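See below for the structure under consideration.
Source: prediction; values computed, not measured.
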Amino acid sequence: MSKQKKEKNGLDETKTQKYIRPSWDEYFMEVARAIAKRATCDRGRSGCVISKDKQILATGYVGSPIGMPHCDDVGHLMKKVIHDDDTITQHCMRTVHAEQNAICQAAKRGIAIEGSTLYCKMTPCRTCAMIIINCGIKRVVCEKKYRGGEESEEMFKAAGVEVVFFNDDVENYENM
């Protein structure tokens, strides 16, 4: 606890400020931010935590498949995507998303994630959303929204997956 000195009528009194513990959502999101520091693609540097009953089950971060070159070492593998509204965006295809890597880690270790909560940097992409739904994850907590994440949000709603956003900021990348 931090203490502050306060003088009152010439006498020293010590005022104690109460420490406020983070909520479980804040705690697991902070862990996801720490995990993101291992990411190997500077466009997305995101991490993911899957938890259940206030315990971490699995983690993942954005990175190339095992044994494959990393964006940070050899550059991005960019592909253009044409959207329904005819806008064109670019995406790095060299890496596996943090959500996918966390789910893969759970599978490799034989950890059941049905009924769990997934914490991530932004709205999961359409593919990640489908995988999350099929894994039986019941809650997704995102730090931010992702541009173009509306389809994922609609799928989560239709599947009964609760989605929570820490804020309504939208994640943007250079050269989108």
Side-chain angles (χ1 to χ4, degrees), residues 22-74 76-77 79 81 91-173:
S23 69
W24 286 106
D25 283 348
E26 291 167 335
Y27 169 74
F28 289 124
M29 188 62 75
E30 189 59 34
V31 174
R33 286 185 200 111
I35 290 162
K37 293 176 181 178
R38 290 284 305 157
T40 62
C41 180
D42 66 357
R43 290 191 84 230
R45 295 226 196 275
S46 61
C48 177
V49 170
I50 300 173
S51 74
K52 187 174 183 180
D53 299 328
K54 301 176 184 171
Q55 296 291 311
I56 294 172
L57 301 178
T59 65
Y61 54 84
V62 173
S64 297
I66 295 170
M68 306 294 284
H70 298 291
C71 295
D72 288 350
D73 298 331
V74 298
H76 300 287
L77 179 61
K79 301 279 181 169
V81 177
H91 298 268
C92 180
M93 306 306 276
R94 187 177 301 286
T95 60
V96 178
H97 292 183
E99 300 91 333
Q100 295 166 357
N101 273 325
I103 290 166
C104 287
Q105 286 302 313
K108 283 172 68 173
R109 305 284 179 230
I111 299 168
I113 58 176
E114 186 172 11
S116 63
T117 298
L118 182 143
Y119 295 85
C120 54
K121 181 178 181 179
M122 64 193 119
T123 315
C125 73
R126 184 180 197 285
T127 301
C128 286
M130 291 187 296
I131 294 168
I132 289 165
I133 291 165
N134 277 1
C135 286
I137 293 170
K138 293 298 177 196
R139 189 165 177 263
V140 176
V141 180
C142 309
E143 186 168 12
K144 300 176 181 180
K145 291 193 171 222
Y146 179 63
R147 174 216 35 80
E150 297 83 13
E151 185 177 14
S152 294
E153 290 179 51
E154 290 171 14
M155 288 191 328
F156 285 140
K157 185 176 180 178
V161 175
E162 178 188 2
V163 180
V164 176
F165 293 98
F166 271 24
N167 63 63
D168 287 331
D169 292 346
V170 177
E171 182 73 15
N172 285 303
Y173 301 115

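Pairs passing the side-chain hydrogen bond (donor to acceptor under 3.5 Å, both in side chains) check and including a residue from residues 95-109, sequence neighbours excluded, do not occur. Every pair passing ring pair (Phe, Tyr, Trp, His ring centres under 6.0 Å) that includes a residue from residues 107-133 is listed here, sequence neighbours excluded: F28-Y119. Identified under the salt bridge (Lys or Arg N to Asp or Glu O under 4.0 Å) test for residues 65-74, with sequence neighbours left out: R45-D72. Screening residues 33-61 for ring pair (Phe, Tyr, Trp, His ring centres under 6.0 Å), with sequence neighbours left out, gives no hits. Note on residues 122-135: pairs passing salt bridge (Lys or Arg N to Asp or Glu O under 4.0 Å), not counting sequence neighbours, are R126-E151. Judged as a salt bridge (Lys or Arg N to Asp or Glu O under 4.0 Å), the pairs with a partner in residues 132-146 (not counting sequence neighbours) are, in order, D25-R139, R33-E143, R139-E162, K144-E171, K145-E153.
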* To do: Check step by step if side chain to side chain contact (heavy atoms under 4.5 Å, CB included) holds for V140 and T123.
  => CA-CA 9 Å; V140 176; T123 315; over 6 Å; no
* Asked: So C71 and H76, side chain to side chain contact (heavy atoms under 4.5 Å, CB included) or not? Walk me through it.
  -> CA-CA 5 Å; C71 295; H76 300 287; 3.6 Å; yes
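Contacts of S116 classified as side-chain hydrogen bond (donor to acceptor under 3.5 Å, both in side chains), with partners at least two apart in sequence or in another chain: none. With sequence neighbours excluded, no residue satisfies salt bridge (Lys or Arg N to Asp or Glu O under 4.0 Å) with R38. Considering only residues two or more places apart in sequence or on other chains, A106 meets the side-chain contact (heavy atoms from CB on, under 4.5 Å) condition with A58, I111, I113. Residues passing the side-chain contact (heavy atoms from CB on, under 4.5 Å) test with A159, sequence neighbours excluded: I133, V161. A search for ring pair (Phe, Tyr, Trp, His ring centres under 6.0 Å) contacts involving Y27 returns W24, not counting sequence neighbours.
With S51 as reference, T117 is the one residue of T117, T59, L57 to meet the side-chain contact (heavy atoms from CB on, under 4.5 Å) rule.
With a 4.5 Å cut-off on side-chain heavy atoms, C48 and I35 do not count as touching. V62 is not listed as a side-chain neighbour of K121, based on a closest heavy-atom distance of 4.5 Å or more. Taking the side chain as every heavy atom from C-beta outward, P124 and C142 approach each other to under 4.5 Å.
The distance from atom CE of M93 to atom SG of C41, rounded to the nearest 0.5 Å, is 11.5 Å. Remark: I56 CD1 to I50 CD1 distance equals 11.0 Å, nearest 0.5 Å. From I137, atom CD1 reaches atom CD1 of I131 across 9.5 Å, with rounding to the nearest 0.5 Å.
In this structure, the side chain of S46 does not engage the main chain of A98 through any donor-acceptor pair within 3.5 Å. A donor-acceptor pair is defined here as one N or O able to donate and one able to accept, closer than 3.5 Å; no such pair exists between the side chain of K37 and the backbone of G47.
Counting non-hydrogen atoms of neighbouring residues, nucleotides and ligands closer than 6.0 angstrom, the CG atom of D53 reaches no more than 12 such neighbours. Around the CE atom of M68, the shell of radius 6.0 Å holds no more than 12 heavy atoms that belong to other residues, nucleotides or ligands.
Residue V49 comes nearest to A32 through the heavy atom pair CG2-N, 3.6 Å, listed as atom of the first residue, atom of the second, then distance. When all heavy atoms of T40 and S64 are compared, the pair lying nearest together is OG1-N, 3.7 Å.
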